[in-house]
J.: 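Questions regarding the structure given below will be posed in turn.
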2 protein chains.
Amino acid sequence: MKSPEAVLSQPAGCPSDDDFLRLDQQVCFPLYAASNALTRAYRPVLAPLDLTYPQYLVMLVLWERDGLSVGDLGQRLRLDSGTLTPLLKRMEAAGLLSRQRASDDERRVEIHLTEAGRTLRQAATAVPPQMLCAMGLSIDELKSLKAGLESLLDRLDAG
Amino acid sequence: MKSPEAVLSQPAGCPSDDDFLRLDQQVCFPLYAASNALTRAYRPVLAPLDLTYPQYLVMLVLWERDGLSVGDLGQRLRLDSGTLTPLLKRMEAAGLLSRQRASDDERRVEIHLTEAGRTLRQAATAVPPQMLCAMGLSIDELKSLKAGLESLLDRLDAG
DNA sequence: AAAAATTAAATTGTGCTCAATATATACCTA
DNA sequence: TAGGTATATATTGAGCACAATTTAATTTTT
């Protein structure tokens, strides 16, 4: 019986289990390596903003809609409170946002941008063009990659 | 001038900078989120082997060729010694491999599988089929995704 | 051969990710 | 309304990723 992954490069062969374990047959490894490489590539681009990549993602969400709770952010970014709580505390210490318990439900913590946080948006408009340049993919490649990743993400989350 | 990323979903529009900063316009976010989701999905599958995903990647490389140095592994997996040294120490403590200075060049540390490390390979053959099932993508989707990611990885590393 | 430059790992410090657990508030039901 | 359940966030502990630095061995230069 064939492994779908092995079939990728040996459509006519009859791969053994050995093939499934080869690094260059993996789909997951380039995903892992590309994600690491992407975070590395963002670092110098985000350095002028004093943001890490996860922090930048939080800002993207808050620039779209301010006042979300920790849970709302986690749902959007697929991160849990164990990740977000300390991350948001660092961003609060950096003066980008405030964390305060919601008055109508004391369990929730609402995140609001500070003036500095809102202002940072202007500088951030320089980020996507720089990253697109660093990635150097065509529009078609980007579209296809984005679609494939979103499809994968959906199914992994479902399982 | 248009941002390629914005064009992805607004081919006929004239997107402003605002569009580039929308989370759902990003190619990088689904990559980041999918990578996190993938590591999560590997966790229960690798639990019987007592391996984390990065440790599993090290084993994949060593099963292909034993006796590589820390630097060789780093080049293959695109990880530096700051990541690999403690990771390999944990794997050594778990009895999967040995770390010893090369006799011909005392700067190098060579990694050799133990008998237990070699034996684990048999159990690992169950992993790729399980993950393919969890990912639930078609062969075409996998091929396209793999190609796109490797292309991206190449260009990010080049820059 | 001695000094300088290069290379390979290890170390240090910061931040991220997550499972498991704890804590506190809100809701619900008897 | 008292007790139980569910929900939201925080905490804890383990492991990963990486920049910057350190240490030690090799190679190159003078």
J.: Between Lys89(B) and dA9(C), is there a side-chain N or O to OP1/OP2 distance below 4.0 Å?
T.: no
J.: Would you say the side chain of Arg107(B) and the base of dT7(C) hold a donor-acceptor pair, judged only by whether the two atoms sit under 3.5 Å apart?
T.: yes
J.: Can you work out whether Asn36(A) or Asp105(A) has the more 5'-proximal nearest nucleotide on DNA chain D?
T.: Asp105(A)
J.: Measuring from the side chain of Arg99(A) (C-beta onward, heavy atoms only), which nucleotide among dA10(D), dT9(D), dT11(C) has the closest atom?
T.: dA10(D)
J.: Tell me: CG of Asp50(A) to P of dA19(D), nearest whole Å?
T.: 16 Å
J.: Heavy atoms under 4.0 Å, any strand shown: does Leu84(B) hit a base, just sugar-phosphate, or nothing?
T.: nothing
J.: CG of Leu88(B) versus C1' of dA9(C): gap in Å, rounded?
T.: 11 Å
J.: Checking all strands, does Thr83(B) fall into the base, sugar-phosphate, or nothing category for heavy-atom contacts under 4.0 angstrom?
T.: base
J.: Respond yes when some side-chain nitrogen or oxygen of Ser69(A) is under 4.0 Å from OP1 or OP2 of dA8(D), and no when none is.
T.: no
J.: Does the plane of the ring in Tyr56(B) sit parallel, tilted or perpendicular to the ring in Trp63(B)? Use 30° and 60° as the thresholds.
T.: perpendicular
J.: dA10(D) P sits how many Å from Leu73(A) CG, rounded?
T.: 11 Å
J.: Do you see a donor-acceptor pair shorter than 3.5 Å between the side chains of Ser69(A) and Asp72(A)?
T.: yes
J.: Whole-Å distance between dT17(C) P and Leu156(A) CG?
T.: 16 Å
J.: In whole Å, what is the span from the OH atom of Tyr53(B) to the P atom of dA17(D)?
T.: 10 Å
J.: Go nucleotide by nucleotide along DNA chain C from the 5' end; which of Pro86(A) and Ser103(A) gets its closest nucleotide reached first?
T.: Pro86(A)
J.: Just compare dT9(D), dT11(D), dA19(D) and give me whichever is closest to any side-chain atom of Asp80(B).
T.: dA19(D)
J.: Looking only at heavy atoms, which two atoms of Pro30(A) and Leu149(B) are closest? And how far apart?
T.: CB-CB, 3.9 Å
J.: Among dA9(C), dG15(C), dC18(D), which nucleotide has an atom closest to any side-chain atom of Thr52(A)?
T.: dG15(C)
J.: Using a heavy-atom cut-off of 4.0 Å across all strands, would you classify Thr39(A) as base, sugar-phosphate, or nothing?
T.: nothing
J.: Name the nucleic acid region contacted by Ser81(A), choosing base, sugar-phosphate or nothing; use a 4.0 angstrom heavy-atom cut-off, strictly under.
T.: base
J.: Grab the CD-C1' distance between Gln75(A) and dT7(D) for me, whole Å please.
T.: 13 Å
J.: Picking from dA10(C), dT17(C), dA17(D), which would you name as closest to the side chain of Pro54(A)?
T.: dT17(C)
J.: If you check the Gln55(A) side chain, which of dA9(C), dG15(C), dT11(D) turns out closest?
T.: dG15(C)
J.: Mind checking if Gly82(B) touches a base, just sugar-phosphate, or nothing, with heavy atoms under 4.0 Å?
T.: base
J.: For Ser144(B) and Glu141(B), does a side-chain donor sit closer than 3.5 Å to a side-chain acceptor?
T.: no
J.: Restricting to non-hydrogen atoms, name the atom on Ser81(B) and the atom on Pro86(B) that form the minimum distance, rounded to 0.1 Å.
T.: O-CD, 3.9 Å
J.: Between P on dA19(C) and CG on Leu46(B), what's the gap in Å once rounded to a whole number?
T.: 14 Å
J.: Could you give the CZ-to-P distance, from Arg108(B) to dT7(C), as a whole number of Å?
T.: 14 Å
J.: Could you check whether any side-chain heavy atom of Phe29(A) comes within less than 4.5 Å of a side-chain heavy atom of Leu77(B), counting everything from C-beta outward?
T.: yes
